[in-house]
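Comments concern the structure below.
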Amino acid sequence: MISVELPDGSVREVEAGSTAYQIAESIGPGLARAALAAKVDGEVQDLARPLERSTKLEILTDRQPEALAVLRHSAAHVLATAVRQLYPDAQIGFGPAIEDGFYYDFDVDTPFTPSDLEAIESQMQKVVKQDYPFVREVVEPDEAEARFQDDPLKLERLREFGTEEVITVYTDGPFVDLCLGPHIRTTGQLKHFKLLHTAGAYWRGDERRQMLQRIYGTAWFKKKDLDQYLVRLEEARKRDHRVIGKQLDLYSIQDDVGAGQILWHPRGATLQFELRRFIEDEIMRRGYELVYTPHVTREQLFVRSGHIPLYEDNQFPAMAAASGDADDVRYRIKPMNCPMHALVYASRQRSYRELPVRLAEIATVYRNERSGALHGLLRVRGLTMDDAHVFCREDQIEDEIYDMIDTVDVVMNTFGLEYRLDFATRPDKKIGADEAWDVAERALEGALKRRGLSYGIDEGGGAFYGPKIDIKVRDAIGREWQGATIQLDYQLPERFELEYVGSDNKPHRPVMIHRAILGTIERFVGMLIEHFAGAFPVWISPEQVRVIPITDALDDAAASINKQLRGAGIRSSLDDRSETLNYRIRDGEIMKVPFMAIVGKREAENGTVAVRVRGAGKKQEVMPVAAFLERVRQQIRERSISPTG
RNA sequence: GCUGACGUAGCUCAACUGGUAGAGCAGCUGAUUUGUAAUCAGCAGGUUGGGGGUUCGAGUCCCUUCGUCAGCUCCA
């Protein structure tokens, strides 16, 4: 007999070899029916696994979020079962649960079409109806080899197993898979799922290997959850910066210019203008100095910096010699600013007294991104970094990093953006002595700890030249994009032989820190559009106030208010079109203008405006023009997130 | 770059198996003068992304090229 402790603290004595399912049955038929998996001593397992030792046991049902991943992974098996029935020659890859769903990779001769998906989904329904139990078996290597004789992908994985490892296979009806588990009890427990789309995916994520066909799907405990998820996807599409960017006339990308290049329209340019002003103001108060450097330089510069050949794939090809130059002088458009900032530093002698030297430049750089990677504003070829390079002594690193993290936090909080910090440590392939890495990593982590923000650790994720801190923000549909980045660099100072004269009157090599706070203006604006769904804070709104006269008899009065607002530095416009009031108000709402100042006869007579605040509907407020003006200015000054705030 | 899907008026989308390219909104003109989310009428607008091919005939089929989208890979 063994004793099993349940979550409520009660203990049951059962025979060794009893299953969690049997225990669930003994507790009650309702629980047995609802049971999806078991948690044994903190580990999620199949319900059918025999319990050999005294343990703590929790029966997982649809009330435990941990069971969702089990359900989704099982859904992947049901998918594979269906695909194998419809396409017996399909070879199977991997099929894990992922956030919000699952996928399974198949090697098939002809890729699946959308209508194939429908057929596969209805076949899945049949598999569910069959209510096949998921059966786990532990097998010997040669037995496993035999079972997966016709599945080269599985065989490949199988041959990677160490001799000590336990090989398990799972069977549901006709389908057998090499799999760690766990699974739900039967296929019938999968109820609410939907296949979403297909995509190619390299086998083992390696672009040199063959491309498999991946089918993505989603699965939920309840129909309501599934429906909500589909609605959420729909809502996210409405927040898509590419949709809103068009609606609000912020920017365009045109074939005549080329993929991945942004044409900023006046409204989008205003966002960029305010961001630049904001960040430049912020960092100059923190002791940074602005520099401007060329966009095209001799290729040799990037050879010296090491970009060529290391980064060459991401650079645009060389340009021919400028006229009059020697034939061997070629030029490159810059993919980064760091070499030039290093040269600014090196342009004269530096004393330890002037360190840290902090050089900043908001500059557009050009990278030859692979066409398939481009994505609206979030991944472009012409990207504008709010770049800076700090040259300092090792003992100054921590303070500098601390200040950078603080800047990131201030900037993100200004917009109410949530972000995630990742501390990326030394990779296997690295340059420099371990002692230097020790110092660098300690400094970075010390600064993180001092700032008191939580962060993840990306073990071995650092750059080859130094550890880094990455800041990631999510887009409307939950994809993470890198924003700010802070990178320590021992390599470039070496290559450019950067020096400062120390108090000992001897030359020393400074450390270089690369950092961007917004990341790139393009990506940051894209994130802002999605975050605010186009309803920007007043201070960055392209159009802050729209003055609307009720009839054309009031056009002059409205025009003079508009002029007054503009004179006060407010981005105001006048809508005196010969359209109905309703039409113009609707237009203002659609364009997400934070304030509409409506001028009727009463207002004109009293020197007031009827202020309609974006999103507040009819709850307007009549106030003197001067008071309104001050209110807008206050919102701008305080960088309020919402006009109602 | 790779796999798949897609590309029709400024925008959103129609056009059955190949048979005269349409609508709404936006735009222009005129009328209307409006008190808080679409006033009415008229007009104009397209070598169907580009190039080539099959066909009596191509938006529709084929090839090619550019681009977009979802992923993969890569990355700010």
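We name chains A, B, ... by the order of the sequence lines, and we start the count at 1 in each one.
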Which one is paired to [N], where only Watson-Crick or G-U wobble pairs with both distances under 3.5 angstrom count?
N	answer
B/rG59	none
B/rC40	B/rG30
B/rG22	B/rC13
B/rA5	B/rU68

Whole-angstrom distance between [N] and [M], as gauged at atom [atom1]:
N	M	atom1	value
B/rG1	B/rC74	C1'	10 Å
B/rG46	B/rA23	P	14 Å
B/rG71	B/rC25	C1'	33 Å
B/rG59	B/rU47	P	13 Å
B/rU32	B/rU39	C1'	7 Å
B/rU12	B/rG18	P	28 Å
B/rA31	B/rG10	C1'	26 Å
B/rC56	B/rC2	C1'	41 Å

Could you list the donor-acceptor pairs under 3.5 angstrom formed between side-chain atoms of residues 599-609 of chain A and any protein atom two or more places apart in sequence or on another chain?
{"residue": "A/Glu603", "atom": "OE1", "partner": "A/Gly600", "partner atom": "N", "Å": "2.9"}
{"residue": "A/Asn606", "atom": "ND2", "partner": "A/Arg602", "partner atom": "O", "Å": "3.1"}

For [X], check ring-ring contact (aromatic ring centres under 6.0 Å, His included) against everything at least two apart and list the hits.
X	value
A/Phe536	none
A/Phe595	A/Phe628
A/Phe316	none

(message) Across nucleotides 24-36 of chain B, 5' to 3', mark each nucleotide with B, S or - according to how protein heavy atoms within less than 4.0 Å reach it.
(response) --S-----BBBBB

(message) Return a single string for nucleotides 66-76 of chain B, one symbol per nucleotide in 5' to 3' order, where B is base contact, S is sugar-phosphate-only contact and - is none, cutoff 4.0 angstrom on heavy atoms.
(response) -SSSSBBBBBB

(message) Testing the 3.5 Å rule here: is there a donor-acceptor pair between the side chains of A/Arg479 and A/His375?
(response) yes

(request) State, without any angle test, whether A/Glu156 and A/Trp203 hold a side-chain donor-acceptor pair at a distance under 3.5 Å. (result) yes

Once you round it to whole Å, what is the distance between [atom2] of [N] and [atom1] of [X]?
X	N	atom1	atom2	result
A/Gln254	B/rG50	CD	P	16 Å
A/Leu248	B/rC11	CG	P	16 Å
A/Asp256	B/rG7	CG	C1'	15 Å
A/Lys238	B/rC11	NZ	C1'	18 Å
A/Arg237	B/rU12	CZ	C1'	16 Å
A/Leu212	B/rG4	CG	P	13 Å
A/Ile215	B/rA5	CD1	P	14 Å

(message) Which residues pass the side chain to side chain donor-acceptor pair (under 3.5 Å) test with A/Thr293, not counting sequence neighbours?
(response) A/Lys334, A/Glu361

Without placing hydrogens or testing angles, list every side-chain donor-acceptor pair under 3.5 Å for residues 484-491 of chain A, not counting sequence neighbours.
{"residue": "A/Thr485", "atom": "OG1", "partner": "A/Asp470", "partner atom": "OD1", "Å": "3.0"}
{"residue": "A/Thr485", "atom": "OG1", "partner": "A/Gln482", "partner atom": "NE2", "Å": "3.4"}
{"residue": "A/Thr485", "atom": "OG1", "partner": "A/Gln487", "partner atom": "NE2", "Å": "3.2"}
{"residue": "A/Gln487", "atom": "OE1", "partner": "A/Tyr465", "partner atom": "OH", "Å": "2.5"}
{"residue": "A/Asp489", "atom": "OD1", "partner": "A/Gln491", "partner atom": "N", "Å": "2.6"}
{"residue": "A/Asp489", "atom": "OD1", "partner": "A/Leu492", "partner atom": "N", "Å": "3.1"}
{"residue": "A/Asp489", "atom": "OD2", "partner": "A/His514", "partner atom": "NE2", "Å": "2.8"}
{"residue": "A/Tyr490", "atom": "OH", "partner": "A/Glu394", "partner atom": "OE2", "Å": "3.3"}
{"residue": "A/Tyr490", "atom": "OH", "partner": "A/Ala436", "partner atom": "O", "Å": "3.3"}

I'd like a table of donor-acceptor pairs (distance under 3.5 Å, sequence neighbours excluded) in which one partner is a side-chain atom from residues 90-103 of chain A, with atom names and distances.
none

(message) As a test of understanding, state which of A/Asp458, A/Ile405, A/Asp422 forms a side chain to side chain contact (heavy atoms under 4.5 Å, CB included) with A/Ile469.
(response) A/Ile405

